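Note sheet for the following structure.
Proteins get letters first, then strands, A, B, ... in listed order; numbering begins at 1 in each. Computed from heavy atoms alone, side chains included, the values below leave out hydrogens, waters and symmetry copies. Quick caveat: nothing in here was measured; it's all calculated off a predicted structure.
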Amino acid sequence: MAEYNHSEIEKRWQKHWRETAAFRTPPAGESGEAERFYCLEMLPYPSGRIHIGHVRNYSIGDAVARNRRMRGYEVMHPIGWDALGLPAENAAIEQQTHPAEWTRKNIDAMRAQLQRLGFSYDWDREIASYQPEYYGWNQWFFLRFLENDLAYRKDGPVNWCPSCATVLANEQVEEGRCWRCDSEVEERRLAQWFYRITRYAEELLDGLDGLTEWPERVIAMQRNWIGRSRGTEIAFAIDGPEEAAPSDGQLRIFTTRVDTIFGATFMVVAPEHPFVRELLDGGELGADASMDIEELRAEVERLAAMPRRARRGEDIDKHGVFTGSYAINPFNGERLPIWVANFVLMDYGTGAIMAVPAHDERDHTFATKYDLPVRPVISLATEDPEPDGGDLPDLPFSEEGHLLSNCGEFSGLGTADARATMTAHAKTLGFGHGAIDYKLKDWGLSRQRYWGTPIPIIHCPACGVVPVPDEDLPVVLPADAPLDRGQGSPLERVESFVNVDCPRCGVAARRETDTMDTFVDSSWYYLRYLSPNDATVPFSKIEGDAWSPVDLYIGGVEHAVLHLLYFRFFCRALRDLGLLSVDEPTRGLLTQGMVTKDGAKMSKSKGNTVDPDEMVERYGADTTRLFVLFAAPPVRDLEWDERGVEGCARFLGRVWKLIEGEASSLPPVEAGFGDAGPSLPEPLAQLHRKVHETVRRVTRDVEERLQFNTAIAALMELTNACNTARQAVSIVEAGEHSWVYRLAFERLAVMLSVFAPHIAQELWTTLGHSEDLTRYPWPEYDPSVLQSDEATMIVQVDGRLRGRLVVPTDLADEQRLTEMAMADPVIRAHVEGRQLRRSIVVPGKILNLVTSP
RNA sequence: GCGAAAGUGGCGGAAUUGGCAGACGCGCUGGCCUUAGGAGCCAGUGGGCUUAGCCCGUGGGGGUUCGAGUCCCCCCUUUCGCACCA
């Protein structure tokens, strides 16, 4: 018997698959009416080496892809590289190389690693986003978005580091200082490009309901992120000094609780609110102001400077200052002081609120601190609401209830009713209307980085912002940009790139030097796999429609919001551009858990990483893949324990020994399988049943439940069952019945091939087959085999297990069964002295004798 | 605070969705084989007891049911995401 030499076997079959183009997927146009299955794994960032998390991700995807091929689907299973981004730029600076060079090297190394693992990718469709042939289409989409008002340029506040002369992302500002050079970060207004994802806010939210094959968790996170709240917008007239009144003399607020408006006792605006600037520019404060205008200016600046950063649990202190102006509550004509405070945010709602301290916790805290009046207008709901009746709840009270008698014509209404009625009232009288607000903001694209997609725009002194004409795409990233840290966007200093003639009027103009967020690349890559070499379109519509939506998308849960939201947005935008005919990019989503070691996420800094190469070297790709799937169900975190690998290695060793060692005793392939008649000796009949049961379990686990750990456990059981049967009736002894062994071995090899494809294929050959398992039909099981005519029923007395009964499977006669059970002395002893009241019969399974004393 | 999960042997994890709790694997114990074993094979392995059997046992407490890891109510713990969102 040959030794199990994994590295020789794996190399040989990988070569075979490559040479026979086993995993090539023909274009949809060529494959006609075939059933299609698109199995997609999140494309890796080429950071240098594959890590265990990748192995897990791709082993899951490969098991699914291989299973679907065997099921007769035309399977799309591609891979590529998310190759633009900051790490490459930083590494290039450190190592005095070029990001393209660094990236290419990493891709080559990682591709080799993936190939050693034997994943069934169609390598002819490989893409890399750093190639102009790829990112040029990012630019093409940008221009289409621009034409459709889905892309726009807007001035906005950004974090600016004066020493580095660059914009910093919010995450790069620590305690108001630059993470790199520690200088104080300034706020600047800078023109940035945005994608108008908010146009799809409603659709993206409603679409979540249709994503029935997505994890609840991801749905919840997206819902949360989009953050829809329905409420009312109300305009309060400003009552202040003439000069200070803003343009329209109105202060507009958004509230979800217009029913509490009679309890409003003051107003609060964000420090950045236009009203504040106009007030300060107006030069005069109201008569009641507690300070002069310069003092107020200083206070407002202080409030605005309070950083809005991540907080843990406790609220930050609320600070505010009275402006000296008032606003009129349109519902009761009351004059309310207008404050400026740090807890009101300019980028949500209208940047101004009515404060109802009796019914809002934040307003209550603020009112208490500054000694502002608190007036309850809502009390607990009762069946027969009586304004003023009953005890008032503790304040602040923000639950539902009914309105007290101090709410004019609305007194006595339930809060939900009141909101509808009062919103309608506001609309009729023209000072308000129903409104929906989202937390979702438009997608800021601009990055002051080199290693990204150049934004295809030219700034002309005469024409303004001019899009690069389609025929000039792609705008190629210049290879010779000066890369060094902290000097701003490198592209600004590449004269040959920046200086360009305006495509519209021909005068000297300047190129946009910002590049795109790399999330753009990953928002549509799954479509590029379908037409990877097409120079005329980003993807063919025929292919796009044939393969969309992706049937199963597999990746880490860390992308639950940003990537997966952009991904969904792009799909809808492409649909509206007429490029695609679906609403959602994927049907199924599997978010795999993290791989941890010593209880912590694997990371280079913690030094707890595991290099898959070592494991492949030592145990082989098959064992490595089998183990990452066996150790835990895909959605759970996986705690890495090297010792478990031994178990999987032993299992494959046992399978090898079983099939390789016994193949010569089996009947030939041509002899086929016999019929399992009554003459089949019991140990073989048992094995025969086990084979069918295993097919049933593995099929369900792989195709429906995506639970590969239990599928592999079932294959282990089948292997054990083969050995058990062998002890009773060896293959030679089985004689004419030895086809049962052939059946068991073949089914084992065929099903194993989706997890451990190399050894399975090798054993398949040993079993006398010449065909490739890649498209060999997935086995079916025969339910009738699982029906044994004898069953072991368990017998309970009052729900407790007391004995067993071997009976014909379909025997359901209560009387008869009870009599049989009572023949058992143990059971009789438990029923003795008690009255048998009734029996519960689950045919073939359970007899429960219920007694009373 | 809001939202989503999860809690089962020494460990990773099973349990056909209300029907034998602990499949499968790791680890551990004993045995066989071997010059040797960090190889292989066999057996055992939730806790306890007065051991043909019995009692206890799925985070805790109640409940529904002939029967609950599974369903309902309350509570505890852990993980993740969001968080001054008006």
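Look at C82(B): its Watson-Crick or wobble partner, with both distances under 3.5 angstrom, is G1(B). Checking C49(B) for Watson-Crick or G-U wobble geometry (two distances, each under 3.5 Å) identifies G53(B) as its partner. Searching all strands for a Watson-Crick or G-U wobble partner of G37(B) with both distances below 3.5 Å returns nothing. Using the Watson-Crick or G-U wobble rule with both distances under 3.5 Å, A43(B) pairs with U29(B). Under the Watson-Crick and G-U wobble criteria, each requiring two contacts below 3.5 Å, nucleotide C20(B) is left unpaired. Base pairing annotation: A68(B) forms no Watson-Crick or G-U wobble pair, as no partner gives both donor-acceptor distances under 3.5 Å.
Nucleotides G59(B) and G7(B) place their P atoms 8 Å apart, quoted to the nearest Å. Between A6(B) and C73(B), the distance separating the two P atoms is 16 Å to the nearest Å. Taking the C1' atoms as reference points, U65(B) lies 28 Å from G47(B), given to the whole Å. Between U45(B) and C24(B), the distance separating the two C1' atoms is 15 Å to the nearest Å. Distance check on atom P: U17(B) versus A4(B) gives 26 Å, rounded to whole Å. For the P atoms, the distance from C11(B) to G46(B) is 14 Å, rounded to whole Å. Nucleotides A83(B) and A68(B) have their C1' atoms positioned 38 Å apart, rounded to a whole Å. Nucleotides G57(B) and G69(B) place their C1' atoms 11 Å apart, quoted to the nearest Å.
Checking A5(B), A86(B), G19(B) against every side-chain atom of V842(A), the shortest atom distance belongs to G19(B). Of the candidate nucleotides G19(B), C24(B), C55(B), G19(B) has the atom lying nearest to any side-chain atom of N848(A). In the set A4(B), G81(B), A39(B), G81(B) carries the atom at the smallest distance from any side-chain atom of N224(A). Here the nucleotide nearest the side chain of R804(A), chosen from C20(B), A23(B), C66(B), is C20(B). Checked against A15(B), G13(B), C24(B), the side chain of E717(A) finds its nearest nucleotide in C24(B).
Put simply, CG on L565(A) is 14 Å from C1' on G81(B), counting in whole angstrom units. To the nearest angstrom, P of G3(B) lies 13 Å from CD of E216(A). Atom pair R800(A):CZ and G53(B):P shows a separation of 16 Å (rounding to whole Å applied).
Residue R650(A) has a polar side-chain atom (N or O) positioned under 4.0 Å from OP1 or OP2 of G27(B). OP1 or OP2 of A14(B) lies within a sub-4.0 Å distance of a side-chain N or O belonging to Q707(A). Phosphate contact (OP1/OP2 of A14(B), side-chain N/O of R636(A), threshold under 4.0 Å): present. Contact between the side-chain N/O atoms of R654(A) and the OP1/OP2 oxygens of G25(B) is found at a separation under 4.0 Å. Within the structure, a side-chain polar atom (N or O) of R802(A) is placed less than 4.0 Å from OP1 or OP2 of C55(B). Contact annotation: N709(A) side-chain N/O to A23(B) OP1/OP2 distance is not under 4.0 Å. Dashed line: the shortest gap from a side-chain N or O of R217(A) to OP1 or OP2 of G81(B) is not under 4.0 Å. OP1 or OP2 of A15(B) sits under 4.0 Å from a side-chain N or O of R705(A). Residue S229(A) places at least one side-chain N or O under 4.0 Å from the OP1 or OP2 atom of A86(B). An OP1 or OP2 oxygen of C42(B) is reached within less than 4.0 angstrom by a side-chain nitrogen or oxygen of Q727(A). Taking side-chain N and O atoms only, H830(A) has no distance below 4.0 Å to OP1 or OP2 of G53(B).
Residues W656(A) and F651(A) keep their aromatic ring centres 6.0 Å or farther apart.
Anti is the conformation of G69(B), whose glycosidic angle sits further than 90° from 0. A syn base is found at U17(B): its glycosidic angle is within 90° of 0.
With respect to R838(A) and E814(A), no salt bridge is recorded, no charged nitrogen being found less than 4.0 Å from a carboxylate O. Ion pairing between a basic and an acidic side chain is recognised when a charged N comes within 4.0 Å of a carboxylate O; D206(A) and R223(A) show no such pairing. In this structure, E780(A) does not pair ionically with R696(A), as no charged nitrogen and carboxylate oxygen lie closer than 4.0 Å. Under the 4.0 Å criterion applied to side-chain N and carboxylate O atoms, D641(A) and R643(A) are assigned as salt-bridge partners.
When heavy atoms are screened at a 4.0 angstrom cut-off, E646(A) is found touching no nucleic acid atom at all. Nucleic acid contact for N720(A): sugar-phosphate only, since backbone atoms but no base atoms lie under 4.0 Å from a heavy atom of the residue. If you check every strand for non-hydrogen atoms under 4.0 Å, D363(A) touches nothing. Within 4.0 Å of V635(A), counting heavy atoms only, lies no atom of the nucleic acid at all.
Comparing L849(A) and R700(A) against RNA chain B, the residue whose closest nucleotide sits nearer the 5' end is R700(A). Taking for each of K845(A) and F630(A) the nucleotide of RNA chain B with the nearest heavy atom, the 5'-most of the two is the partner of K845(A).
In this structure, K318(A) forms no cation-pi arrangement with F366(A), as its terminal cationic atom is not both closer than 6.0 Å to the ring centre and no more than 45° off the ring axis.
In this pair, F567(A) and H563(A) present their aromatic rings tilted. The plane angle is within the 30 to 60° band.
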When you look at T596(A) and D637(A), which way does the side-chain hydrogen bond (donor to acceptor under 3.5 Å, both in side chains) test go after all the steps?
CA-CA 7 Å; T596(A) 61; D637(A) 284 352; over 6 Å; no
